[in-house]
Structure formats: C-alpha cells, structure tokens
Amino acid sequence: SIVNEIDLAGEGGLVWIKGRSDAYAHQLYDTARGVTKMIGSSSTAAEGTRSGGVTSFNANGFSIGNEGVINPSGDTLASWTFRKAEKFFDIVTYTGNGSVRTIPHGLNCAVGSIFIKRLDNNNPWIIFHRSNGATGWLSFDTAAFGVNSGAFNNTMPTDSVFTLGTRDDVNNNGNTYVAYIFAHNDGDGTFGPDGDADAIKCGSYTGNGGHVDIDLGWEPQWVLVKKATGTGNWTILDTMRGWVNGGGNVDQQLYPNLSDSETAYELGHPTATGWKEKSNTTTGQTYIYMAIRRGPLAPPTAGTEVFNIA
C-alpha cells in the first residue's frame, strides 16, 4: 500500500508511476478506467491490463501488486497522484462519434492543459496547452508540434467544455478515449486556509541562453516542461526527488516521453515566487510548463507536522 493521504476512493484521480533507477516505462492508472487498467506516457500502445498493477484506489492512497514495472524488488520509484477537484484536475472518458462535438468537464475554471489518449488502438497522445492555442497540439511520443490538425477544431476550451474535431486520435467513431484535464489558476483558485489561493498554473516563457526567472506568484513543488517550438524532451522535476538550489548535477529529471531512468543535471531551482531556469534554455525558443504549488496550504495543527529532530 502506498499511503499519501489522498482520497482516491471517494474523490477519484490519476496515479502516475515511474521507476527512478531503471528504464521501465511510465505507467498511468486512473479511477475512471478502473484498477489494473494501464496506459503509458512513453508509448503509443493501447490500454493494457496489468493484474499486478494498481490493484485498488484507497481513501489514503492506492495499492499495487507484483507488476515488475511498478514494484521491482529493490528498485526506487516515484509516483505522482492527482486528485479530482474543481479548479485543479478532472478525468473524462468518452466514445468518439467522428463529428465536431463538445465534451463536458468539471473544472469550473480556465483549462490549462488536456492530455488525450485513445484506449483501443496504438494512437499517439494528443496534448492541448493553453499557451499554444487550439490550432495545434503536442504529443509525448514525438517532438513535433502539430498545427491545423483538427484535434480541437481550432476552438479554445471553456470553463465547462472542450471541443473536439474529427481527428481519429481524439474522436474516431466508436472508439474509446480518456482525457486528463488540468486547470489554470490565475487569481481565481479556491485552495488554502482562506479558500482563495492558486494551486496550478500553465504558461510559457522564452529562452535566452542564460538565467530565466519564471514568476508564478508562489513556490512550486512539481513542474512539467517542454520546448514548444523545437525538439526537446518533456521533463518532470519535483522537490521530493531533488530539485534544489545547489551547484553541480543535483536536479533529478524524468522524461514522460522516454522510459529512461532518472538523470541528474543542474537545471535551476524553485524560488519563493516560481523557479529559476539555468543556462539550458535556447535563445528565442518558447517553452511551455505546468506547475503545481508546494504545500501544505493549511496551517499546521500540531508542532510535529512541521518540526522534527532526528
């Protein structure tokens, strides 16, 4: 059992697992598709059943079986859990109809990014990001930026629906799909002790070959970054695995488009108001990101929650 104090049984959500010390593929399980149903970000393969994968979604996390990719003996792994919540994250499953249509979601705010995967065939992931607009898309399995693809019918999502065109990767008649919808908070978040704090932001910045300061207004704990105007891996950084203000190769990276094990490189560090990119950016290139705020956002109720001597 993996205990992270997130109520997946009652609220629903997504569990994303990746081995840190091995080259196994990323595996994604969610409550909408059900236990043991797996898709991989670093693969175009159709949905598979893993009897030893995520075997239950619990009130305080999730349980896993003996699947070697997510529970290999002695290896180190990471999991990221996204709970369904208004103005943060939602999951939608649907069957394609081959015609322009809208799909409802429950964010009740601006949509930051949408990840769509066809479940019954080897189709690529199709990824919307608000900074790219609705006329183009990205994918995990290619570095290319697709334009005029018909994926989103050149229509930006609203706070209640997103629009699909006729591209078979997202809306082929009779085929099944899952969509992961991430919010974009911009002063309208409902989190924290006063119910008014932002928790997730999707945006972009331009590389300059040197230091770039990304201003979120708060300190992040997790970011997903991709060069949108050129070739480059998707990169996940988080403060638990190691993303710190220090010299040398200390920032631990995992790549959603690759099955590679974790690599360390000096990429920058979080700040109180965002994060600082080091000189790995390319001058003039646009980078997109999704950032999640570092917690906790509620005042502690006991000293042991914030202080420990070992």
Item checked: Arg167 CZ to Asn172 CG distance, which is reported to the nearest 0.5 Å ->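 One finds 11.5 Å between CZ of Arg167 and CG of Asn172.
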Notebook entry, point to check: How many angstroms lie between atom CZ of Phe162 and atom CG of Asn153, to the nearest 0.5 angstrom?
Noted result: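 CG of Asn153 is found 13.0 Å from CZ of Phe162.
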N/O donor to acceptor pairs below 3.5 angstrom from side-chain atoms of residues 42-49, sequence neighbours left out:
from, atom 1, to, atom 2, distance (Å)
Ser43, OG, Ala45, N, 3.0
Glu47, OE2, Arg33, NH1, 2.8
Thr49, OG1, Lys37, NZ, 2.9

Anything under 3.5 Å between a donor and an acceptor, one on a side chain of residues 63-70, the other on a protein residue two or more places apart or in another chain? List them.
from, atom 1, to, atom 2, distance (Å)
Ser63, OG, Ser1, OG, 3.2
Ser63, OG, Ser56, OG, 3.3
Ser63, OG, Asn58, ND2, 3.0

Between [X] (side chain) and [Y] (backbone), is there a donor-acceptor pair under 3.5 Å?
X: Lys201; Y: Leu216; result: yes
X: Ser139; Y: Trp125; result: yes
X: Asn171; Y: Asn97; result: yes

Next item on the list: Give me the other members of the hydrophobic cluster that Leu258 sits in, counting Ile, Leu, Val, Met, Phe, Trp and Tyr linked by side-chain heavy atoms under 4.5 Å, directly or via other members.
Entry: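 Members besides Leu258, by chain and number: Tyr255.
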Using residues 74-83 as the side-chain source, report each donor-acceptor pair under 3.5 Å to any protein atom, sequence neighbours left out, with the distance given to one decimal.
from, atom 1, to, atom 2, distance (Å)
Thr76, OG1, Ser21, OG, 3.4
Trp80, NE1, Asp238, OD2, 3.0
Thr81, OG1, Asn4, ND2, 3.1

Note to self: Taking side chain to side chain contact (heavy atoms under 4.5 Å, CB included) as the definition, give me every residue that meets it alongside Ala9, ordered by chain and number, with sequence neighbours left out.
What the structure shows: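 With neighbours one apart ignored, the set is Asp7.
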Margin query: Ser204: which residues meet the side chain to side chain contact (heavy atoms under 4.5 Å, CB included) condition with it, sequence neighbours left out?
Written below: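 Residues passing side chain to side chain contact (heavy atoms under 4.5 Å, CB included) with Ser204: Ser131, Thr286, Ile288.
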Item checked: Single hit among Asp168, Asp169, Asn123, Asp120 for side-chain hydrogen bond (donor to acceptor under 3.5 Å, both in side chains) with Asn175 ->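 Going through the options one by one, the only one that passes is Asp120.
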Next item on the list: Following the transitive rule for hydrophobic clusters with a side-chain heavy-atom cut-off under 4.5 Å over Ile, Leu, Val, Met, Phe, Trp and Tyr, establish whether Ile181 and Tyr29 coincide in one cluster.
Entry: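 Different hydrophobic clusters.
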